[in-house]
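Presented below is the structure to which this report refers.
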Amino acid sequence: MAGTVQGRGLDAQGYIAREGSLGLVPRGFRHIVAAARDRLPAVFGARLHSAYLYGSIPRGTARVGRSDLDLLVVLHEEPGAEDRARARALDAALDEEFREIDGAGTLLESRARVLSELERHDLGWFVACLCTPLLGEDLARQLPRYRPDSLLARETNGDLALLLPRWRTRIADADVADDADRARRRLVRFMSRRLVRTGFTLVMPRWNGWTSDLNDMAEAFGTYYPDRARQMRAAAVLGYEPVGDAGVLRSYVDDLGPWLAEEYARVHGIKAPRPDRPA
């Protein structure tokens with residue numbers, strides 16, 4: 001078997017190192033991050049516990065006009081319909097005002113869920129390792145450190161089989177959208193990234209490291225699954241440069257996705273169910 005890059009993305013003790021920082025935000029995005037930070041307290045008021053950046057902007061790899069703004073907002077209580085409407089309005093306003101970003105997306109969660117035992121190796125890991133504090137108390141201080149092991153692999157991406165029916169519905173909706181090409185392109189970007197990350201976490205314990213670079217993820221995956229390496233490399237490219245190709249989307253839900261879900265379950269098992277969140 002080809003050699004692997006051992007320990008990348010880990011600290012000296014073998015734990016996944018937290019990626020990103022406000023100091024890495026590219027100059028062309030700093031005013032957008034500042035605008036989001038300034039508006040969040042007014043949008044969510046006293047319900048706001050903390051807020052985080054994640055994705056390419058805090059990693060310093062964002063590209064003007066190509067990258068989106070990713071935010072995680074943690075509330076003191078479970079988000080409700082009004083909270084979600086406020087988040088959508090904030091996203092739309094930021095997307096319209098700042099041409100440097102290709103969309104904005106705000107995830108909403110509660111403090112209790114982030115710190116829950118059920119989410120310890122999924123949402124908790126996400127906050128502790130992939131999110132950059134923007135406002136409020138950093139919940140990473142109350143979370144453990146994480147190793148790239150099979151438990152983490154199972155709980156982060158062991159639900160792909162449950163997602164595929166939803167993906168098929170979203171593809172059908174995109175086909176009849178007013179701007180079908182744009183809708184498909186956004187789905188190609190989203191699904192490509194999810195499949196590449198799932199392929200990577202499938203092999204993460206053997207690769208023994210962490211990376212958020214899609215191309216590096218695809219290469220790590222291909223080391224252990226050479227028969228699927230070409231597909232995963234192509235998906236990594238589309239994660240950065242998506243096209244509105246319906247054929248690509250069908251291949252994801254009819255071939256690569258089902259195969260990956262089955263292999264994932266065989267190797268790591270199925271993610272623990274979330275009873276309050278239907279598949």
Side-chain angles (χ1 to χ4, degrees), residues 18-116 119 122-143 166 170 173 177 179 182-183 186-187 189-190 193-194 212 274 276-278:
R18 194 175 203 177
E19 64 178 28
S21 73
L22 294 181
L24 291 175
V25 173
R27 184 176 300 276
F29 293 93
R30 291 176 190 171
H31 63 298
I32 306 173
V33 171
R37 183 182 58 231
D38 291 344
R39 296 177 194 185
L40 284 167
V43 171
F44 296 103
R47 292 177 61 75
L48 178 66
H49 173 274
S50 53
Y52 306 80
L53 283 174
Y54 67 95
S56 61
I57 290 180
R59 291 199 303 269
T61 59
R63 297 174 298 165
V64 172
R66 299 291 184 88
S67 298
D68 47 0
L69 175 69
D70 297 309
L71 296 167
L72 168 67
V73 170
V74 178
L75 303 179
H76 288 287
E77 307 293 341
E78 282 295 318
E82 184 177 349
D83 297 312
R84 300 191 190 285
R86 288 174 179 268
R88 288 193 296 270
L90 173 65
D91 293 341
L94 292 170
D95 188 25
E96 182 177 357
E97 184 174 346
F98 299 107
R99 294 186 177 182
E100 296 91 337
I101 56 173
D102 183 20
T106 300
L107 298 178
L108 293 179
E109 297 291 350
S110 70
R111 179 182 181 278
R113 179 175 288 275
V114 171
L115 298 179
S116 68
E119 293 291 345
D122 187 10
L123 181 57
W125 165 79
F126 174 67
V127 170
C129 295
L130 304 189
C131 287
T132 295
L134 186 63
L135 279 173
E137 176 194 4
D138 181 10
L139 290 177
R141 299 191 183 104
Q142 300 183 50
L143 292 162
R166 283 191 242 167
R170 293 182 66 179
D173 291 342
D179 188 343
R182 186 170 186 261
R186 289 199 165 186
L187 280 184
R189 179 171 66 178
F190 165 74
R193 292 179 178 186
R194 181 59 187 263
S212 283
R274 271 56 174 171
D276 58 339
R277 295 196 174 185

- Got a second to check how far Arg111's CZ is from Glu77's CD, nearest 0.5 Å? 10.5 Å
- Message: Quiz question: by atom type and distance under 3.5 Å, do the side chains of Ser50 and Glu137 form a donor-acceptor pair?
- Response: no
- On a heavy-atom basis, the closest approach of Leu123 and Arg113 is CD2-CG, 3.8 Å
- Query: Side chain of Arg99, backbone of Gly65: donor and acceptor closer than 3.5 Å?
  - Reply: no
- Message: Check this for me, if you would: do Glu82 and Arg47 make a salt bridge, where the nitrogen-to-carboxylate-oxygen distance has to be below 4.0 angstrom?
- Response: no
- Item | Side-chain heavy atoms of Arg39 within contact of Leu94, under 4.5 Å | yes
- Message: With rounding to the nearest 0.5 angstrom, report the CG to CG distance, Leu53 to Asp70.
- Response: 8.5 Å
- Message: If I take atom CD1 from residue Ile32 and atom CG from residue Leu69, how far apart are they, to the nearest 0.5 angstrom?
- Response: 7.0 Å
- Note on the structure: For Ala183, the side chain to side chain contact (heavy atoms under 4.5 Å, CB included) test, sequence neighbours excluded, returns Ala174, Ala177
- Could you pull out the closest heavy-atom pair between Ser21 and Thr132, with the gap in Å? N-OG1, 3.5 Å
- Query: Any side-chain heavy atom of Leu134 sitting closer than 4.5 Å to one from Leu40?
  - Reply: yes
- Report the C-alpha separation of Arg186 and Asp102 in whole Å, then their side-chain angles, then the decisive distance to 0.1 Å, and conclude whether the salt bridge (Lys or Arg N to Asp or Glu O under 4.0 Å) test is met. CA-CA 10 Å; Arg186 289 199 165 186; Asp102 183 20; 3.6 Å; yes
- Would you find a donor on one side and an acceptor on the other, under 3.5 Å apart, between the side chain of Arg30 and the backbone of Val25? yes
- Report the distance from atom CG of Leu135 to atom NE2 of His49, rounding to the nearest 0.5 Å. 11.5 Å
- Query: Which heavy atom in Val114 sits nearest to a heavy atom in Leu143, and how many Å separate them?
  - Reply: O-CD2, 3.9 Å
- Message: According to side chain to side chain contact (heavy atoms under 4.5 Å, CB included), who are the partners of Arg194, at least two apart in sequence or on a separate chain?
- Response: Asn157, Asp159, Leu163, Trp167, Thr198
- Any Glu100 side-chain heavy atom under 4.5 Å of His31 side chain: yes
- Counting distance only, does the side-chain N/O of Asp83 pair as donor-acceptor with the main-chain N or O of Gly80 below 3.5 Å? yes
- CZ on Arg37 to CG on Leu71, rounded to 0.5 Å: 11.5 Å
- Message: I need the minimum non-hydrogen distance between Ala35 and Phe98, along with the two atoms involved.
- Response: CB-CZ, 3.8 Å
- Item | Nearest heavy-atom neighbours spanning Pro79 and Arg84 | CB-NH2, 3.7 Å
- Please report the shortest heavy-atom distance between Ser67 and Ala62, naming the atom on each side. OG-CA, 3.3 Å
- Message: With rounding to the nearest 0.5 angstrom, report the CG to CZ distance, Asp122 to Arg274.
- Response: 5.5 Å
